[in-house]
Amino acid sequence: MIERFERFSLAIAEISRCWHKLAGEEMKVYGLKGAHATYLTILCRYPEGITVPELCEISLKDKSDASRMLAILEKKGLVRKEGGYGGTVALTAAGCAAAAQVQQRVRRAVEAAGDGLSDEERAAFYRALEAIARNLRTLSREGIPE
């Protein structure tokens with residue numbers, strides 16, 4: 001059981017470290033951090049804009065993180081806020097262009113990362129990963145059973 005824990009923990013940590021490094025390199029072009037890539041790609045799916053609470057729910061980030069990231073994106077001219085407090089956030093034309101570039105690069109990275117996996121293996125992997133995330137979410141709320 002410990003070996004499984006170590007393999008899982010180390011693999012997740014390495015995937016996260018590598019993914020953040022790649023995202024950081026890609027976002028340097030825009031003078032941004034890797035974490036901004038997530039916000040750009042999510043906002044691209046909502047051209048009419050979404051509220052900050054909706055963005056937080058989708059991105060699994062807290063409001064303070066989202067507010068900081070959006071403030072930077074707004075200063076860079078990539079997002080605009082509409083409707084004041086409680087309003088929506090949407091990408092500008094420059095933000096849409098940046099998001100499209102990021103999405104293209106993400107697609108290439110995801111394809112390369114999954115090289116050698118069949119469609120069936122990939123589908124099984126994502127089902128397993130989603131089940132693990134769901135189970136860990138429950139454990140984090142309810143605690144580890146005795």
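One is the number of the first residue; the rest follow in order along the sequence.
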Side-chain heavy atoms under 4.5 angstrom apart, residues restricted to Ile, Leu, Val, Met, Phe, Trp, Tyr: same cluster for Phe125 and Leu117?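 They do not share one cluster, since no chain of ILVMFWY contacts under 4.5 Å joins Phe125 to Leu117.
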Nearest 0.5 angstrom please: [X] [atom1] to [Y] [atom2], how far?
{"X": "Arg7", "Y": "Ser9", "atom1": "CZ", "atom2": "OG", "value": "12.0 Å"}
{"X": "Leu43", "Y": "His36", "atom1": "CG", "atom2": "NE2", "value": "11.5 Å"}
{"X": "Thr51", "Y": "Tyr46", "atom1": "OG1", "atom2": "OH", "value": "10.0 Å"}
{"X": "Leu129", "Y": "Ile15", "atom1": "CG", "atom2": "CD1", "value": "8.0 Å"}

Which side-chain N or O atoms in residues 92-105 pair as donor and acceptor under 3.5 Å with protein atoms at least two apart or in another chain?
unit_1 : atom_1 : unit_2 : atom_2 : d
Thr92  : OG1    : Gly77  : O      : 2.6
Thr92  : OG1    : Leu78  : O      : 3.3
Thr92  : OG1    : Ala94  : N      : 3.4
Thr92  : OG1    : Gly95  : N      : 3.1
Arg105 : NE     : Glu26  : OE1    : 2.9
Arg105 : NE     : Glu26  : OE2    : 3.2
Arg105 : NH2    : Glu26  : OE2    : 2.8

For Leu60, enumerate each residue passing the side chain to side chain contact (heavy atoms under 4.5 Å, CB included) test, keeping only those at least two apart in sequence or located in another chain.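 Counting only residues at least two positions away or on another chain, Leu60 forms no side chain to side chain contact (heavy atoms under 4.5 Å, CB included).
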Pairs satisfying salt bridge (Lys or Arg N to Asp or Glu O under 4.0 Å), at least one member in [range], at least two apart:
{"range": "residues 43-67", "answer": "Asp65-Arg68"}
{"range": "residues 114-124", "answer": "Asp119-Arg122"}
{"range": "residues 16-25", "answer": "Glu25-Lys28"}
{"range": "residues 133-146", "answer": "none"}

Compare all side-chain heavy atoms of Thr88 with those of Ile50 and state whether any distance is below 4.5 angstrom.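 Counting from C-beta outward, Thr88 and Ile50 never come under 4.5 Å.
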Would you mind reporting whether Tyr39 and Leu73 have side-chain heavy atoms less than 4.5 Å apart?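 In short, these two side chains touch, coming nearer than 4.5 Å.
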Does Arg80 use its side chain to pair, donor to acceptor, with the backbone of Leu91 at less than 3.5 Å?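 Checking the backbone N and O of Leu91 against the side chain of Arg80, a donor-acceptor pair under 3.5 Å is found.
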Which atom pair, heavy atoms only, marks the closest approach of Thr41 to Thr38?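 Heavy-atom minimum between the residues: OG1-O, 3.0 Å.
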List the atom of Pro145, the atom of Leu139, and the distance in Å for their closest heavy-atom pair.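 Taking every non-hydrogen atom into account, CD-CD2, 3.7 Å.
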In sequence, state the C-alpha distance, the side-chain angles, and the governing distance for Phe8 and Ile132, and then conclude on side-chain contact (heavy atoms from CB on, under 4.5 Å). CA-CA 10 Å; Phe8 176 79; Ile132 290 168; 3.6 Å; yes
Can Leu70 and Val52 be said to form a side-chain contact (heavy atoms from CB on, under 4.5 Å), step by step? CA-CA 9 Å; Leu70 290 170; Val52 173; 3.9 Å; yes
